[in-house]
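Structure first, then comments.
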Amino acid sequence: MKILSIETSCDETGVSLVEAKGGLKDPSFKVISDLTISQIKLHKKYGGVFPNLAKREHSRNLVPILKKVLEQGFGISNSQFPISKQIQEKIEKILEREPELLKQFLEFIPKIKRPNIDRIAVTYGPGLEPALWVGINFAKALSLIWEIPIIPANHMEGHMTSVLIPKENKKVKFPALALLISGGHTELVLIKKWGDYKIIGRTRDDAVGECFDKTARMIGLPYPGGPEISKLAEKARIKKSIKKIDLPKPMINSPDLDFSFSGLKTSVLYYLRDNPIKNNSDKESLAKALEETITEVLISKTEKAIKKYKAKTLIIAGGVSANKFIRKSFEEKLDKEIQIFIPSIYLSTDNGLMIASAGYISELSKRKYPKEIKAQGNLSLGKE
Ligand code: KG4
Ligand code: ZN
């Protein structure tokens with residue numbers, strides 16, 4: 001099955017062409033072409049992601065990205081037939097809130113031949129709704145003109161299934177466990193088989209990525225804070241003259257599998273009130289303490305979940321899984337019996353490929369969706 005996938009849930013615009021096969025028992029993916037454009041530089045100026053700015057950028061970028069992906073994938077040939085007035089009117093209606101996208105769409109898409117694609121997968125949640133709508137409306141317009149069915153894809157299922165994308169066939173053994181750590185989520189998900197999920201633990205307040213981002217801002221680091229904290233923590237580990245700072249490890253001993261990170265952020269705030277930053281070394285010490293505290297909590301809860309559910313594979317995914325220290329620590333500290341899959345750094349943060357894998361699994365799981373696809377900012381992953 002050839003899938004065109006579209007991701008616009010936050011500050012990355014991603015479009016990919018992927019060939020999926022193997023069914024739910026042994027899904028595998030061949031990348032035909034793929035391109036992601038990050039808006040991070042733009043949002044950096046404002047210290048965070050602005051939904052309407054993200055929406056505008058997605059509207060601007062989607063057609064040029066699709067054009068490149070099609071060129072690199074199948075090549076583009078010209079269409080022999082003009083579109084009917086009726087279809088054009090329908091497209092104008094679908095994209096009426098995205099005038100820039102509509103203009104580019106009408107200038108390019110009707111002129112090219114329908115590509116050889118079986119499905120269009122698009123993220124419909126969770127994420128920023130104004131941003132999600134751009135991708136959804138784009139998919140709807142493409143679906144109409146090319147007569148290709150849409151698969152609504154869950155962004156978090158995308159992070160989770162992104163471990164299936166590399167060429168070497170990674171065989172996930174079930175039951176598997178996913179630790180999903182991103183800017184908006186911190187969840188432990190039990191995967192009984194592909195498409196069958198149960199959330200067994202989650203944050204009660206802030207997500208891990210949020211904790212990284214907010215504490216980074218407190219010490220004057222730019223958005224996104226995770227990679228900045230990680231760089232400083234690396235420096236601290238190389239130096240020897242670093243201050244040891246004890247931060248609380250929230251909920252580490254609680255019997256459940258939930259997390260809490262807002263208390264940790266508050267502790268950093270109090271720490272900074274009593275120990276103002278005087279130099280780079282102070283920043284590095286704090287970054288190291290924060291990264292190590294977060295890692296310890298994540299490992300402890302994940303180990304508890306692995307034991308409780310006798311998981312055979314651990315998947316760590318979501319933007320925060322790009323963190324080198326977290327990756328290394330899990331690999332060093334966890335029982336060698338469990339196989340650990342972490343996506344490549346590129347696949348850890350948002351991209352179009354993960355939406356193709358989520359779309360494929362979703363299509364095969366025969367899930368029921370509402371007839372009209374709508375953006376669902378708080379879309380959840382399976383039962384709780
Ligand atoms: O999955 P993602 O790209 O977007 C969401 O779906 O939220 O995750 C973004 C989050 C941000 O909070 C960012 O600071 C964090 O992932 N992140 C990191 C690293 N790279 C990205 N956190 C810690 N260390 C990193 N190297
Ligand atoms: Zn994400």
Side-chain angles (χ1 to χ4, degrees), residues 5-14 36-40 43-44 47-49 51 54 58 123-129 131-132 135 153-163 178-187 189 203 206-219 221-237 261-262 264-265 287-295 297-298 315-330 342-355 357-358 376-381:
S5 56
I6 301 162
E7 155 66 30
T8 65
S9 70
C10 190
D11 57 353
E12 260 96 23
T13 321
T36 298
I37 290 192
S38 171
Q39 307 170 2
I40 282 183
H43 295 285
K44 228 176 195 150
V49 181
H58 291 312
T123 313
Y124 75 116
L128 306 168
E129 289 195 355
L132 287 164
N154 180 313
H155 181 84
M156 296 318 284
E157 190 171 24
H159 277 304
M160 209 157 74
T161 55
S162 66
V163 292
L179 172 67
L180 301 180
I181 40 180
S182 73
H185 287 78
T186 305
E187 281 169 355
V189 183
T203 182
D206 289 358
V208 194
E210 219 175 333
C211 182
F212 272 116
D213 295 340
K214 287 179 178 166
T215 36
R217 197 186 304 177
M218 287 182 215
I219 53 173
L221 299 172
Y223 173 85
E228 300 290 331
I229 297 269
S230 171
K231 270 186 242 160
L232 291 185
E234 280 304 306
K235 279 193 193 159
R237 262 176 227 112
F261 289 103
S262 81
L264 182 56
K265 174 190 69 190
K288 177 174 178 285
L290 183 77
E291 191 175 61
E292 289 175 2
T293 303
I294 286 176
T295 308
V297 175
L298 291 175
I315 294 169
I316 310 175
V320 179
S321 73
N323 183 287
K324 286 195 195 120
F325 182 77
I326 295 179
R327 295 166 89 97
K328 193 166 131 270
S329 305
F330 266 92
I342 311 175
S344 65
I345 304 281
Y346 169 69
L347 285 172
S348 299
T349 48
D350 296 347
N351 62 82
L353 290 172
M354 65 190 227
I355 300 312
S357 53
Q376 291 187 31
N378 297 318
L379 182 68
S380 169
L381 193 75

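Just so you know, ligand 1 is whichever comes first in the structure, and atom 1 is the first atom listed for that ligand.
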Are the side chains of I355 and I6 in contact, using a 4.5 Å heavy-atom criterion?
no
Nearest non-hydrogen protein atom to atom 6 (O) of ligand 1, with distance, is H155 NE2, 3.3 Å
Which atoms of ligand 1 sit under 4.0 Å from any heavy atom of G184?
7 (O)
Checking the N or O distance criterion of under 3.5 Å, is ligand 1 in contact with G183?
yes
Atom 18 (C) of ligand 1: which protein heavy atom is closest, and how many Å away?
G226 CA, 3.7 Å
Carboxylate-amine/guanidinium proximity below 4.0 Å for E234 and K231:
no
Which atoms of ligand 1 sit under 4.0 Å from any heavy atom of G209?
12 (O)
Nearest non-hydrogen protein atom, atom 15 (C) of ligand 1:
V320 CG2, 3.9 Å
List the steps and the verdict of side chain to side chain donor-acceptor pair (under 3.5 Å) for T161 and S357.
CA-CA 6 Å; T161 55; S357 53; 2.8 Å; yes
Counting only heavy atoms, which portion of D213 has something under 4.0 Å from ligand 1: side chain, backbone, both, or neither?
side chain
The reported gap from CE in M156 to CG in L180 (rounded to nearest 0.5 angstrom) is 4.5 Å
Non-hydrogen side-chain atoms of I219 and E228 separated by less than 4.5 Å
no
Side-chain contact test, heavy atoms from C-beta onward, threshold under 4.5 Å: evaluate it for E187 versus M160 and give yes or no.
no
Sole candidate of V208, L179, V320 that passes side chain to side chain contact (heavy atoms under 4.5 Å, CB included) when paired with I326:
V320
Under 4.0 Å from ligand 1, counting heavy atoms only, is it the side chain of H159, its backbone, both or neither?
side chain
Is there a heavy atom in C10 that sits closer than 4.0 Å to ligand 1?
no
Can you report which non-hydrogen protein atom sits closest to atom 2 (P) of ligand 1, along with the distance?
D350 OD1, 3.4 Å
Atom pair OG1 (T215) and CG (L221), whose distance is rounded to the nearest 0.5 Å
8.5 Å
Search all heavy atoms of Y124 against all heavy atoms of N154 and return the closest pair with its distance.
CE2-N, 4.3 Å
Under a 4.0 angstrom heavy-atom cut-off, which atoms of ligand 1 come close to G319?
1 (O), 2 (P), 3 (O), 8 (O), 16 (O), 17 (N), 18 (C), 19 (C), 20 (N), 21 (C)
Please calculate the NE2(H159)-the Zn ion (ligand 2)-NE2(H155) angle and round it to 10 degrees.
90°
Nearest N/O/S atom of D350 with respect to the Zn ion (ligand 2), by atom name, please.
OD1
Counting from 1, what ligand 1 atoms have a heavy atom of A322 closer than 4.0 Å?
20 (N), 26 (N)
For ligand 1, which part of K324 has a heavy atom less than 4.0 Å away: the side chain, the backbone, both, or neither?
neither
Quick one: do E291 and K324 make a salt bridge, cutoff under 4.0 Å?
no
Taking both backbone and side-chain atoms of N323, is any N or O found less than 3.5 Å from an N or O belonging to ligand 1?
yes
